[in-house]
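Reminder, nothing fancy here: chain letters follow the sequence lines and each chain counts from 1. Every heavy atom of this structure was used, including side-chain atoms; hydrogens, water molecules and symmetry mates were not.
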There are 2 protein chains.
Amino acid sequence: MRRTLSAVEYSGDEEGMASIAKAISHPVRIRILKLLASQQCCFTGELTEIIPMAQSTISQHLKALLDSGLIQGEINPPKVRYCIHRENWLKAHSMFGGFFHADLACRYDCH
Amino acid sequence: MRRTLSAVEYSGDEEGMASIAKAISHPVRIRILKLLASQQCCFTGELTEIIPMAQSTISQHLKALLDSGLIQGEINPPKVRYCIHRENWLKAHSMFGGFFHADLACRYDCH
DNA sequence: CTTGTTAATCGTATATTTGCGATGAACTAT
DNA sequence: ATAGTTCATCGCAAATATACGATTAACAAG
């Protein structure tokens with residue numbers, strides 16, 4: 001892709017928010033997170049039974065969530081147990097909470 | 001793209017969350033939202049001065065944010081004034097707040 | 001009507017995402 | 001050692017996203 005000559009510099013916050021947002025920008029990943037968070041399941045196999053998608057696709061989405069830090073995996077041969085990464089989950093909570101804080105949007109009204 | 005035979009059915013919530021998340025999944029869109037929210041600017045032209053990207057690219061990102069509902073535009077010829085869509089902003093706030101609520105992640109721990 | 005300003009849209013090139021089946025890796029059980 | 005189970009990774013195809021320059025649209029000012 002042709003990129004802008006003077007590449008835009010983003011803050012760590014901006015990159016971080018965008019990265020987490022991208023992780024939850026697909027409905028199946030939101031569903032997976034909800035399932036993990038509600039403890040309705042934990043092993044990959046249970047997810048593949050509940051969600052009508054190929055195993056490889058589920059695995060791919062799990063990898064995306066792992067990379068985002070929102071979940072963690074514990075190898076438990078031959079299974080893998082996935083869980084919410086509590087610390088990062090709380091970080092995401094405060095990050096989005098801060099971003100969407102009412103004060104920001106209501107400081108001034110153009111209309 | 002080859003799609004799964006029995007397409008996954010998502011809830012309105014899941015689709016909605018994913019849609020908003022996708023809107024803020026690019027750092028430049030986060031920056032635009034922060035600029036609009038902090039009222040450092042409002043017209044498209046001001047954004048194109050601050051952000052080193054082609055006018056057409058900024059316009060494209062603004063359209064994405066418009067489509068998400070997070071911002072609104074008021075035509076003010078020959079300019080267009082963009083602002084945070086307060087109502088949808090607050091909706092997003094509660095949506096993400098609810099999703100990342102601590103209880104969900106901490107109900108149970110696999111580790 | 002012509003000119004200038006502002007912003008959207010079009011067309012294009014490239015990068016990334018998404019989904020699948022097939023295969024491979026890691027480990028258990030026999 | 002062999003077979004079975006579970007999950008990750010590879011390779012591919014198709015869709016989407018990203019960025020740009022060029023053009024168009026809408027309007028004001030003269």
Side-chain angles (χ1 to χ4, degrees), chain A residues 1-10 14-15 18-32 36 41-68 71-83 110, chain B residues 1-10 14-15 18-32 36 41-68 71-83 110:
Chain A
M1 195 191 312
R2 266 169 291 151
R3 294 216 162 261
T4 178
L5 271 69
S6 59
V8 184
E9 284 290 324
Y10 301 109
E14 285 163 344
E15 300 266 18
S19 165
I20 299 294
K22 178 169 279 187
I24 57 176
S25 72
H26 192 297
V28 84
R29 290 199 288 269
I30 291 187
R31 172 160 302 180
I32 290 173
L36 291 183
C41 70
C42 224
F43 292 110
T44 308
E46 302 178 82
L47 291 171
T48 60
E49 278 171 26
I50 295 176
I51 302 171
M53 272 184 165
Q55 177 264 324
S56 61
T57 305
I58 301 283
S59 189
Q60 214 169 11
H61 285 298
L62 283 169
K63 180 171 163 44
L65 289 172
L66 265 182
D67 290 345
S68 78
I71 67 173
Q72 61 191 140
E74 179 196 348
I75 296 169
N76 204 328
K79 299 190 177 186
V80 177
R81 188 197 291 273
Y82 284 105
C83 289
C110 291
Chain B
M1 196 191 314
R2 263 170 294 152
R3 296 217 160 259
T4 178
L5 271 67
S6 59
V8 184
E9 285 289 323
Y10 301 110
E14 284 163 345
E15 301 265 20
S19 165
I20 299 292
K22 179 169 281 187
I24 57 177
S25 72
H26 192 297
V28 85
R29 288 198 289 269
I30 290 186
R31 172 159 305 179
I32 289 173
L36 291 182
C41 69
C42 224
F43 291 111
T44 310
E46 301 177 83
L47 291 171
T48 60
E49 279 171 27
I50 295 175
I51 301 170
M53 273 184 162
Q55 176 264 323
S56 60
T57 307
I58 301 283
S59 189
Q60 215 169 11
H61 285 299
L62 283 169
K63 181 171 164 42
L65 289 172
L66 265 182
D67 290 345
S68 78
I71 68 173
Q72 60 192 139
E74 178 197 348
I75 297 170
N76 204 328
K79 300 189 175 186
V80 176
R81 189 196 290 274
Y82 282 105
C83 289
C110 291

Restricting to non-hydrogen atoms, name the atom on [X] and the atom on [Y] that form the minimum distance, rounded to 0.1 Å.
X: Met53(A); Y: Val28(A); result: SD-CG2, 3.8 Å
X: Gln72(B); Y: Leu66(B); result: CA-CD2, 3.7 Å
X: Glu15(A); Y: Pro27(B); result: OE1-CG, 4.3 Å
X: Ile30(A); Y: Glu14(B); result: CD1-O, 3.7 Å

Over how many whole Å does the gap from [X] atom [atom1] to [N] atom [atom2] extend?
X: Phe43(A); N: dA8(D); atom1: CZ; atom2: P; result: 13 Å
X: Arg81(B); N: dT6(C); atom1: CZ; atom2: P; result: 14 Å
X: Ile32(A); N: dT18(C); atom1: CD1; atom2: P; result: 11 Å
X: Lys79(A); N: dT6(D); atom1: NZ; atom2: C1'; result: 8 Å
X: His26(B); N: dT16(D); atom1: NE2; atom2: P; result: 18 Å
X: Ile58(B); N: dG21(D); atom1: CD1; atom2: P; result: 12 Å
X: Leu47(B); N: dA7(C); atom1: CG; atom2: P; result: 9 Å
X: Asp67(B); N: dT18(D); atom1: CG; atom2: C1'; result: 15 Å

Practice task
Give one of base, sugar-phosphate or nothing for Thr57(A), where a contact means two heavy atoms less than 4.0 Å apart.
Solution key: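 The residue Thr57(A) makes base contact.
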Practice task
Using a heavy-atom cut-off of under 4.0 Å over every strand shown, decide if Thr44(B) touches base, sugar-phosphate, or nothing.
Solution key: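 Thr44(B): backbone/sugar contact only, no base atoms under 4.0 Å.
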Exercise for the section: Give, ordered by number, those residues of residues 59-66 of chain B having at least one heavy-atom distance below 4.0 Å to an atom of DNA chain C; if nothing qualifies, reply none. Expected result: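 Going residue by residue through residues 59-66 of chain B, the ones with a heavy atom under 4.0 Å of DNA chain C turn out to be Ser59(B), Lys63(B).
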Problem - CD1 (Ile75(B)) with more than 12 external heavy atoms under 6.0 Å - result: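 Count not over threshold, so no.
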Handout entry: Tyr10(A)/His26(B) under side-chain contact (heavy atoms from CB on, under 4.5 Å): CA gap, chis, key distance, verdict
Key = CA-CA 10 Å; Tyr10(A) 301 109; His26(B) 192 297; 4.0 Å; yes
Handout entry: Heavy-atom protein contacts under 4.0 Å, nucleotides 23-30 of chain D, coded B base, S sugar-phosphate only, - none
Key = ----S---
Output the distance between atom [atom1] ([X]) and atom [atom2] ([Y]), rounded to the nearest 0.5 Å.
X: Leu36(B); Y: Cys41(B); atom1: CG; atom2: SG; result: 5.5 Å
X: His61(B); Y: Ser56(B); atom1: NE2; atom2: OG; result: 9.5 Å
X: Ile32(A); Y: Ile58(A); atom1: CD1; atom2: CD1; result: 5.0 Å

Exercise for the section: Among the candidates dA7(C), dT6(D), dA22(D), find the nucleotide nearest to the side-chain atoms of Ser56(B). Expected result: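 The answer is dA22(D), which lies nearest to the side chain.
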Exercise for the section: Measure from the side chain of Ala54(B), starting at C-beta and using heavy atoms only, and say which of dG21(D), dA7(C), dG19(C) lies closest. Expected result: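 The nucleotide sitting nearest to the side chain is dG21(D).
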Exercise for the section: Kindly say if Arg29(A) contacts the phosphate of dT18(C), meaning a side-chain N or O under 4.0 Å from OP1 or OP2. Expected result: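 Result: yes.
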Problem - dT17(C) OP1/OP2 closer than 4.0 Å to side-chain N/O of Lys22(A) - result: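 Yes.
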